[in-house]
Amino acid sequence: MERRTLIKGAAAAGLSLLSGTGFAAAPKKKILVAYFSRARSISRGMDAITYATPWVGNTAEAARVIAQTLNADVHEIVTTEKYPLLHRENSRIAEQEMKSDARPGIAPSNLSLNSYSVVFLGFPIWWYREPMVIRTFLSRYQWKGKTIIPFCTSLEVDIPQARSDIMKLAPGAAVLEGRRFATENANLASEVKSWVQGLHI
Ligand SMILES: Cc1cc2nc3c(=O)[nH]c(=O)nc-3n(C[C@H](O)[C@H](O)[C@H](O)COP(=O)(O)O)c2cc1C
């Protein structure tokens with residue numbers, strides 16, 4: 001009889017110990033997908049067809065899939081700088097920005113990173129690395145203790161150069177290897193989804 005009481009007591013004590021020491025489900029990490037994609041930053045004066053057709057940028061599409069897969073919040077980085085639609089002209093401006101280490105402006109937003117522990121950071125490759133507006137964005141926030149997961153879309157250039165730039169501009173953050181996806185890729189959504197699922201966040 002005494003022994004049974006002891007076991008019962010121990011079980012009860014164990015249960016209360018478990019419930020009181022965080023063995024209950026850990027709070028889920030809050031995730032943000034922040035991205036820049038050219039579509040919303042092109043200047044006026046383009047042709048009527050382009051205006052009539054909603055244009056979703058490649059990086060915007062990758063961001064949408066990441067957010068949907070992880071039920072994450074999304075933030076679009078929109079420049080106050082307007083870039084020309086013509087690739088050659090955009091390319092020339094982007095080159096100047098890169099060579100002068102410019103910090104193009106960002107449209108005002110109420111974004112706070114306080115509640116996010118993981119930030120996916122997406123951009124198109126411009127001149128072999130991240131567009132300078134990504135540097136503007138990084139310089140606006142404190143990154144200590146956060147995990148940044150870079151992703152990009154490009155014609156052919158991979159992500160390591162951009163990743164190492166991001167590491168310099170986000171001191172104290174863990175910057176994961178990240179992933180590059182090919183431009184105009186019919187399998188973009190499925191490739192992005194399987195990458196994100198494989199991260200086991
Ligand atoms: C100004 C500019 C510079 C670019 N530079 C590169 C480059 O150096 N290497 C590359 O592979 N792709 C380059 N691209 C192609 C873009 O990275 C690619 O088309 C990307 O998917 C566009 O993404 P978005 O639609 O989200 O803006 C460049 C595009 C632009 C507009």
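For ligands, and for the atoms within them, numbers begin at 1 and follow the listed sequence.
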From the options [options], select the one whose nearest heavy atom is closest to [atom].
{"atom": "atom 27 (O) of ligand 1", "options": "R38, M98, E61", "answer": "R38"}
{"atom": "atom 30 (C) of ligand 1", "options": "R92, H87, E95", "answer": "H87"}
{"atom": "atom 21 (O) of ligand 1", "options": "L86, I125, T153, I93", "answer": "T153"}
{"atom": "atom 3 (C) of ligand 1", "options": "F181, W126, F36", "answer": "W126"}

**Message:** So which atom in I125 and which in D158 form the shortest heavy-atom distance, rounded to 0.1 Å?
**Reply:** CD1-O, 4.0 Å

**Message:** At under 4.0 Å between heavy atoms, is it the side chain or the backbone of E184 that contacts ligand 1, or both, or neither?
**Reply:** neither

**Asked** What part of S154 sits under 4.0 Å from ligand 1 if we count only heavy atoms: the side chain, the backbone, both or neither?
**Response**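 Under 4.0 Å from ligand 1, S154 contributes backbone and side-chain atoms.
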
**Asked** Quick check: does any side chain N or O of W127 sit under 3.5 Å from a backbone N or O of S91, one acting as donor and the other as acceptor?
**Response**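 A pair under 3.5 Å: yes.
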
**Message:** When you measure from the side chain of R135 to the backbone of L169, do you find a donor-acceptor pair of N or O atoms at a distance under 3.5 Å?
**Reply:**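 No; zero donor-acceptor contacts below 3.5 Å.
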
Looking at [X], which atoms of ligand 1 are within less than 4.0 Å of one of its heavy atoms?
{"X": "W127", "value": "3 (C), 4 (C), 5 (N), 6 (C), 7 (C), 8 (O)"}
{"X": "S91", "value": "1 (C)"}
{"X": "Y128", "value": "7 (C), 8 (O)"}
{"X": "A94", "value": "1 (C)"}
{"X": "E156", "value": "10 (C), 11 (O)"}

**Request:** Report yes or no: do L138 and V78 belong to one cluster of Ile/Leu/Val/Met/Phe/Trp/Tyr joined by side chain heavy-atom distances under 4.5 Å?
**Result:**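 No; tracing contacts between hydrophobic side chains, which count when under 4.5 Å, never links both residues.
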
**Prompt:** So W195 and F151, would you call those rings parallel, tilted or perpendicular, with 30° and 60° as cut-offs?
**Reply:** tilted

**Request:** List for me each residue that meets side-chain hydrogen bond (donor to acceptor under 3.5 Å, both in side chains) alongside T79, sequence neighbours excluded, and say none if there are none.
**Result:** S41

**Message:** So, using salt bridge (Lys or Arg N to Asp or Glu O under 4.0 Å) as the criterion, who are the partners of K168 when residues are at least two apart?
**Reply:**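 Counting only residues at least two positions away or on another chain, K168 forms no salt bridge (Lys or Arg N to Asp or Glu O under 4.0 Å).
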
